[in-house]
There are 2 protein chains.
Amino acid sequence: MSIAGDLIRGHTDAIILARLMQADSYGYEINKIISTLSAGRFELKEATLYTAFKRLEEAGCIASYWGDSGAGARRRYYTITPAGREASHRLLGEWRETKQIMDKLLETEE
Amino acid sequence: MSIAGDLIRGHTDAIILARLMQADSYGYEINKIISTLSAGRFELKEATLYTAFKRLEEAGCIASYWGDSGAGARRRYYTITPAGREASHRLLGEWRETKQIMDKLLETEE
DNA sequence: TCGAGATACCTTGACAGCCGAGGTATCTTG
DNA sequence: CAAGATACCTCGGCTGTCAAGGTATCTCGA
């Protein structure tokens, strides 16, 4: 991975929820979307992803159901809950704030 | 802290090195500068900060020396090394990349 | 003079998230 | 029927954060 995992640590939930705001999805697909959108530079490891799913489901942010697979093994789909939408919105706000502050702290030449 | 620590996890080193690129400094001061520049929304805890100093010194990115204090207790000043400058530059690049990718992953409305 | 408060540094142990490694099951295709 | 893609899951180690607690120095006011 070109970008160290710790750089996205703490953003994992935000990324997953943002995906589920678009549409229901499942682990394997979310992983590929992230990889595609980031041109391969972000890559959530499976263990990380499933840990996050479990965490988010326990927190009531997402719910899951077994769905049909077009091809391949069975899929566990995740859908976002109202609490998840709220969390997603909050996390997006936090990201924007983080971005501003980090820029202030790192970009010293104006 | 309004911004969870995990959000800046992985950026701590970059923040510290960026500070030391400006001038030699010491723990207590760096902490206050970060707090000030972020309007109190980022706040590295002391334990975190000193852990980071130790890590960066062992990695050869910074060096330290005891300096005079104008008022108060003795201070351990840190200065950035050539390796630290390199690391700082690299981390800044990674931050810019992270920012772009995160925006792609989170900001869905164009 | 002496105690409070600011300055300043440091360590320990608990905790949480990331991930390497390994495992299971299903479906398609040759 | 074997190989490879799809798809899910767990365990254990590692690393960074932080609450809590500790030490020492200096200033200033009562």
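Predicted model only: the values in this text are computed from it and were never measured. A, B, ... follow the sequence lines: proteins, then strands. Residue 1 opens every chain.
- When the P atom of C:dC19 is taken as reference, atom CG of A:Asn31 falls 11 Å away, rounded to whole Å.
- For the pair A:Glu57 CD and D:dC9 P, the computed distance is 9 Å after rounding to whole Å.
- When the side-chain hydrogen bond (donor to acceptor under 3.5 Å, both in side chains) test is applied to A:Glu86, no partner is found at least two apart in sequence or on another chain.
- Sorted by first then second residue, the side chain to side chain donor-acceptor pair (under 3.5 Å) pairs that include residues 46-55 of chain B, not counting sequence neighbours, are B:Asp13-B:Arg55.
- When distances run from any side-chain atom of B:Tyr28 to the nucleotides D:dA7, D:dC8, C:dA8, the shortest one goes to C:dA8.
- Contact of the A:Arg85 side chain with the A:Leu20 side chain is not registered, since no non-hydrogen atoms from C-beta on lie closer than 4.5 Å.
- Computed from coordinates, the B:Lys45 NZ to D:dC18 P distance equals 5 Å when rounded to whole Å.
- The A:Trp66 side chain lies nearest to D:dC9 when the options are D:dT6, D:dC9, C:dC10.
- One interatomic measurement links the two molecules: CZ of B:Arg75 to P of D:dT23, which rounds to 23 Å at whole-angstrom precision.
- Between A:Arg76 and D:dC8 there is no side-chain polar atom (N or O) within less than 4.0 angstrom of OP1 or OP2.
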Using nucleotides 10-15 of chain D, report all nitrogen or oxygen pairs with the protein that are shorter than 3.5 Å.
from   : atom 1 : to     : atom 2 : distance (Å)
D:dT15 : O2     : B:Arg9 : NH2    : 2.9

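- Of the two residues near DNA chain C, A:Ala52 and B:Gly27, the one whose nearest nucleotide lies more 5' is B:Gly27.
- Considering only side-chain N and O atoms, A:Thr48 lies under 4.0 angstrom from the phosphate OP1 or OP2 of C:dC19.
- Qualifying salt bridge (charged side-chain N to carboxylate O under 4.0 Å, His left out) partners for A:Asp103, counting only residues two or more places apart in sequence or in other chains: B:Lys99.
- For A:Thr12, taking side-chain heavy atoms from C-beta onward, the closest of the listed nucleotides C:dC10, D:dA7, C:dC18 is C:dC18.
- Between A:Leu44 atom CG and C:dG17 atom P there is a gap of 14 Å when expressed in whole angstrom units.
- Applying the side-chain contact (heavy atoms from CB on, under 4.5 Å) test to A:Ala63 and every residue at least two apart in sequence or in another chain returns A:Thr79, A:Thr81.
- A salt bridge is absent between A:Arg75 and A:Glu29: the closest approach of a Lys/Arg side-chain nitrogen to an acidic carboxylate oxygen does not fall below 4.0 angstrom.
- Rounding to whole angstrom units, OH of residue B:Tyr65 and C1' of C:dC9 are separated by 16 Å.
- The interatomic distance linking A:Leu7 (CG) with C:dC19 (P) rounds to 10 Å, in whole Å.
- Shown here are the side-chain hydrogen bond (donor to acceptor under 3.5 Å, both in side chains) partners of A:Glu57, two or more places apart in sequence or in another chain: A:Ser64.
- The interatomic distance linking A:Tyr26 (OH) with C:dT26 (C1') rounds to 13 Å, in whole Å.
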